[in-house]
Amino acid sequence: MPSQSEIDRLATAPVPAMRLLIDGAWVSGAAEPLPVLSPIDGTQLTTLASASAEDVARATASARAAFEDGRWSGQPPAARKAVLHRLADLIQRHALELAVLGVRDNGTEISMALKAEPGSAAGTFRYYAEALDKVYGEIAPTPRDVLGLIHREPVGVVGAIVPWNFPLMIGAWKLAPALAMGNSVVLKPAETASLSLLRLAELALEAGVPPGVLNVVTGPGHLTGEALALSMDVDVLVFTGSGSTGRRLLEYSARSNLKRCYLELGGKSPNIVFADAPDLAAAAKAAATAIFRNAGQVCVAGSRLLVERSVHDSFVAALCDATQKMALGNPLDLGTQIGAVNSERQLAGNLGFVADAQAEGAELVLGGGQALRETGGWYMQPTIVTQVAPGHRLFRQEVFGPVLAVTPFDTEAEAVHLANATEYGLAAGVWTANLSRAHRMVRALRAGVVHVNTYGGADGTVPLGGVKQSGNGHDKSLHALDKYSDLKTAWIQL
Ligand code: NAD
């Protein structure tokens, strides 16, 4: 763990005006640059270049040319592997700088960013560097006079659009398998979290990723992102973000070249506590962490707590106690456990959810308001609302902020019914000492991941993806390689 003084030194480093990376060169965008405001104190850190549709077209053309001439796609797997390992080394060498830059941009608490951002990104590049020369084609069991070969080929140009929470981690989940398979990439980071990904792109060039193979276009979603999603030169679009943007991307695909779209979307994940949980005190602490770390800006956050009625009141009391012990503060302080809300707009949206829940008859038992106003930044008190019913907006819609909805239940069947009663299906948690019940719940819950007697926690070896309107496709693990490769059959008469 770095020292606080090392962090403080990096926290005041000036940030130069940001540019686009197109064809290996850093260039200005043709559209109006955007101010980059730090959620920590509301001050302007720098400006972000905005790529126009023409800039995006140059980036996709560069990626296409790089793919076609084989400068990356045609390299032996061992050569690509060496470059990706070098990139992982560079990310590790610059880990603190990357983490601090990212925190100044998006407000995640530094203790979490250090692990989840450069740490995880470096691990992801290593994982796919190691995987890329262990992926074989197949020989099909055809009749004896025919040879059926199944080749696995890169898809070509990948467009990647990523959100503002965990930009390096989620960016690496897209970039590493895409590059490992030999594709070229055009990356579009979020407006409020582009800085660390632009630095990562610089490191990628230093590591030896050839010019044009990785392009980065920043700017507003409705301009830069839309141009990328409408491009006729993008073969596959991979996306993490909100459901409303995901819907638009599918439309853009239909209006352009029918590019495949893999969507990793939001969640309203149930964390279900049965009275027979092995350790209710530990479950209460974990339930607080599951929603309040990174101020609730975690896709798999346990944002709906379902508690068996017989322990509901005592559990909520323990939960409030655990929450009040969590340190809300400057994200750059090593002791902070709840950082800033990413933007003023996001904060206003979070507060709106609390007001609506109260108007609909739910009970506010903790927090509910803005915090640390004197900083000039955007912070929210960790907020717990009980008696949230399935009809309430807070039960059904993702807040993506530090607001926990609590609902009691009486039976296992009711818990399953409530858990599955939203359009989402990203994650879930179950706390029980009953092994049979745990397995029944894993089967019954419609979610991409079900945690048992823990919440959160995963690594690169297991896939992350949603069901229902939480998305399709998977990031992480060897399964992610499927998104970045095509199967081609060779049918050879012998
Ligand atoms: P968002 O959809 O607003 O933005 C995501 C990205 O899409 C940004 O880069 C944005 O610029 C771009 N974009 C916006 N409008 C666009 C358009 N019209 N065309 C093309 N691109 C456009 O989402 P966000 O607020 O940045 O991220 C929060 C959301 O992401 C939450 O719903 C969260 O649950 C989800 N998320 C999901 C996962 C997962 O793995 N499933 C992980 C993290 C976050």
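Counting starts at 1 for both ligands and their atoms, following the listed order. Everything quoted here is computed from the prediction, not taken from an experiment.
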Sub-4.0 Å heavy-atom contact, [X] with ligand 1:
X      : result
Gly465 : no
Asp475 : no
Tyr252 : yes

Looking at non-hydrogen atoms alone, which of Trp164, Tyr424, Phe400, Phe239 comes nearest to atom 5 (C) of ligand 1?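 Answer by nearest heavy atom: Phe239.
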
Determine, considering heavy atoms only, which of Gly241, Pro163, Gly243 sits nearest to atom 35 (C) of ligand 1.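 Of the listed residues, Gly241 has the closest heavy atom.
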
Return the residue, atom name and 0.1 Å-rounded distance of the protein heavy atom closest to [atom].
atom                    : value
atom 12 (C) of ligand 1 : Ile161 CG2, 3.6 Å
atom 34 (O) of ligand 1 : Glu398 OE2, 2.6 Å
atom 8 (C) of ligand 1  : Val162 O, 3.4 Å
atom 44 (C) of ligand 1 : Asn165 OD1, 3.3 Å
atom 17 (C) of ligand 1 : Gly221 O, 3.3 Å
atom 42 (C) of ligand 1 : Cys299 SG, 3.0 Å

Carboxylate-amine/guanidinium proximity below 4.0 Å for Arg152 and Asp482: yes

Passing candidate, side-chain contact (heavy atoms from CB on, under 4.5 Å) with Leu48, options Thr192, Asp105, Val36: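 For Leu48, the side-chain contact (heavy atoms from CB on, under 4.5 Å) check succeeds only for Val36.
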
Which atoms of ligand 1 have any heavy atom of Leu464 under 4.0 Å away?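 By the 4.0 Å cutoff, the relevant atoms are 40 (O).
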
Find all atoms of ligand 1 within a distance of less than 4.0 Å from any non-hydrogen atom belonging to Gly225, and give their numbers and elements. 19 (N), 20 (C), 21 (N)

Polar contacts were defined as any N/O atom of the residue lying under 3.5 Å from an N/O atom of the ligand; does this apply to [X] and ligand 1?
X      : value
Ser242 : yes
Glu191 : yes
Leu265 : yes

